[in-house]
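One structure is given here, and the rest of the page talks about it.
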Amino acid sequence: MKLADEKTTRGAPRGRKTASLRVYETLRDDIAGGQYSVGERLTEGALADALKVSRTPVREALRRLASEGFVTLSPHAGALVKGWSAQDARDVFETRAIIESEAAARAARNATARDVEELDALARRMEQAAGAPLRDVAGYSEMNRDFHARILRLSGNQRLEEIALNLMDLGFLVRSYRLFEQEDVERSLSDHRQLVKAIGAGEAAWAGAVMRAHVLATTRIFKGTHDAPDPHEPAPHGKAGRDSSNDVSLKDNDR
């Protein structure tokens, strides 16, 4: 485990990050990179020692990771690395395809010229950020979620928006995108361009069809974390932050 390098971030002085943010980014990248096994327990004490910080930033980072779907928090077990079975992943994508295809069709009927310009600008930023290969998986995942969220908002149906967003945990998206080959990234970006064109043209059927195919395409790539772990990056043994009889739960106070 390596603590994330210091960089400029919004809300922090230039060249500095808060301890909580640095811990969050380090753990996020380690979890996404397969450094921890699904179901593995992460404890404040061991993580604080390994990262040379107090328990407060570790606790804050774990809470954020829980809110984004990277871990689950239990009053007794602490933080456990979250995973998805093949059936879980398939269910998520199939449900999203149904909901988001309808949302895209509605967006094509509702979007103004300004809405389309903003959607197009985001799609272009994603193209610039993608690169070859895709390096900033977390950043790209956040932009992708924003792109889909904008289309959901343009649907004008708050219920559709809420249900779909609940299926877009950042942890799930990051785990998906880290398996993308360059051709998968290019296909996804091409789909986004087609969605912008279809919504801009007011073509509801076209927008809905593109969105459905776009979401379902990922089912062949991400088949869950339980049943199909990434063979290229097996979780190593002896990782800092794992369960130990000397570790304490998330409820313990800072030392």
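Start at 1 with the first residue, then count along the sequence. What you see below is based on every heavy atom in this structure, not just the backbone, and it leaves out hydrogens, waters and symmetry mates.
Residues passing the side chain to side chain contact (heavy atoms under 4.5 Å, CB included) test with N157 are R106, S155, R159, L160, sequence neighbours excluded. With sequence neighbours left out, the salt bridge (Lys or Arg N to Asp or Glu O under 4.0 Å) criterion links R28 to no other residue.
A111 and I199 get closest at one heavy-atom pair: CB-CG2, 3.6 Å. Closest non-hydrogen pair, A198 versus A108, comes out as O-CB, 4.2 Å. Nearest heavy-atom pair across A66 and L73 is CB-CG, 3.7 Å. The two residues A89 and K223 come nearest to each other via the heavy atoms CB-C, 4.3 Å. For the pair T218 and S176, the tightest heavy-atom approach, listed with the atom from each and the gap, is CG2-CB, 4.3 Å.
Here T219 contributes atom OG1 and R90 contributes atom CZ; the two are 8.5 Å apart, rounded to the nearest 0.5 Å. With rounding to the nearest 0.5 Å, the separation of CZ in R150 from CG in L195 is 14.5 Å. Atom-to-atom distance recorded for L179:CG and D184:CG is 9.5 Å, nearest 0.5 angstrom. Taking CD1 from I151 and CG from L122, the interatomic distance works out to 9.0 Å, rounded to the nearest 0.5 Å. Distance check: T43 OG1 to R41 CZ gives 6.0 Å after rounding to the nearest 0.5 Å. Rounded to the nearest 0.5 Å, atoms CD1 (I31) and OG (S37) are 11.5 Å apart.
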Review point. Which is it for I221 and E181 under the side-chain contact (heavy atoms from CB on, under 4.5 Å) test, yes or no, and what are the steps along the way?
Key: CA-CA 9 Å; I221 301 170; E181 301 289 346; over 6 Å; no

Point to revise | D120 and R125: CA distance, side-chain angles, deciding distance, salt bridge (Lys or Arg N to Asp or Glu O under 4.0 Å) verdict | key: CA-CA 9 Å; D120 181 60; R125 288 200 299 275; over 6 Å; no

Review point. F172 and F93: ring pair (Phe, Tyr, Trp, His ring centres under 6.0 Å), yes or no, with the steps?
Key: CA-CA 11 Å; F172 185 91; F93 288 124; 5.3 Å; yes

Exercise for review: Kindly indicate, with the supporting measurements, whether the criterion salt bridge (Lys or Arg N to Asp or Glu O under 4.0 Å) is fulfilled by E68 and R64.
Suggested key: CA-CA 6 Å; E68 295 178 349; R64 179 174 175 182; 3.2 Å; yes

Point to revise | Verdict with reasoning, E100 to R212, per salt bridge (Lys or Arg N to Asp or Glu O under 4.0 Å) | key: CA-CA 7 Å; E100 292 190 62; R212 180 177 177 80; over 6 Å; no

Exercise for review: Applying side-chain contact (heavy atoms from CB on, under 4.5 Å), run through Q87 and D91 and close with a yes or a no.
Suggested key: CA-CA 6 Å; Q87 185 64 50; D91 289 348; 2.7 Å; yes

Exercise for review: Tell me, with the steps shown, if W84 and R175 meet side-chain contact (heavy atoms from CB on, under 4.5 Å).
Suggested key: CA-CA 10 Å; W84 298 267; R175 289 291 188 94; 4.0 Å; yes

Review point. Where do K82 and V71 land on the side-chain contact (heavy atoms from CB on, under 4.5 Å) test, with the steps shown first?
Key: CA-CA 5 Å; K82 187 174 180 178; V71 301; 5.5 Å; no

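Classification of the H192-F147 ring pair by plane angle, with boundaries at 30° and 60°, yields parallel. Using cut-offs of 30° and 60° on the angle between ring planes, the pair H214 and H148 is parallel.
Clustering ILVMFWY residues whenever any of their side-chain heavy atoms sit less than 4.5 angstrom apart, transitively, puts I163 in a cluster other than the one holding I98. One hydrophobic cluster, built from ILVMFWY side chains closer than 4.5 Å, holds both L65 and V53. Using a 4.5 Å cut-off between side-chain heavy atoms of Ile, Leu, Val, Met, Phe, Trp and Tyr, with links allowed through other members, V196 and L189 fall into the same hydrophobic cluster. In terms of hydrophobic clustering, with Ile, Leu, Val, Met, Phe, Trp and Tyr side chains grouped at heavy-atom distances under 4.5 Å, L154 and M126 are assigned to different clusters.
Looking at heavy atoms from C-beta onward, S141 lies in side-chain contact with L170 at the 4.5 angstrom threshold. Taking the side chain as every heavy atom from C-beta outward, L42 and L47 approach each other to under 4.5 Å. Counting heavy atoms from C-beta outward, R22 and L27 have side chains that stay 4.5 Å or more apart. Counting heavy atoms from C-beta outward, V185 and S188 have side chains that stay 4.5 Å or more apart.
Looking at R96, its side chain never comes within 3.5 Å of a backbone N or O of V215 through a donor-acceptor pair. Judged by distance alone, the side chain of N166 and the main-chain N or O of E162 form a donor-acceptor pair under 3.5 Å. Judged purely by atom type and a 3.5 angstrom limit, T95 has no side-chain atom pairing as donor or acceptor with the backbone of V92. Of the possible polar contacts, one joining the D115 side chain to the T112 backbone as a donor-acceptor pair under 3.5 Å is found. R145 places a side-chain N or O within 3.5 Å of a backbone atom of M168 that can act as its donor or acceptor partner.
Taking the six-membered ring for Trp and the full ring otherwise, F222 and F180 have centroids separated by 6.0 Å or more.
Residue R187 places its CZ atom among more than 12 non-hydrogen atoms of other residues, nucleotides or ligands, all under 6.0 Å distant.
Among residue pairs with one or both ends in residues 194-208, none qualify as side chain to side chain donor-acceptor pair (under 3.5 Å); sequence neighbours excluded.
Side-chain contact, Y36 with D30: no donor N or O sits under 3.5 Å from an acceptor N or O.
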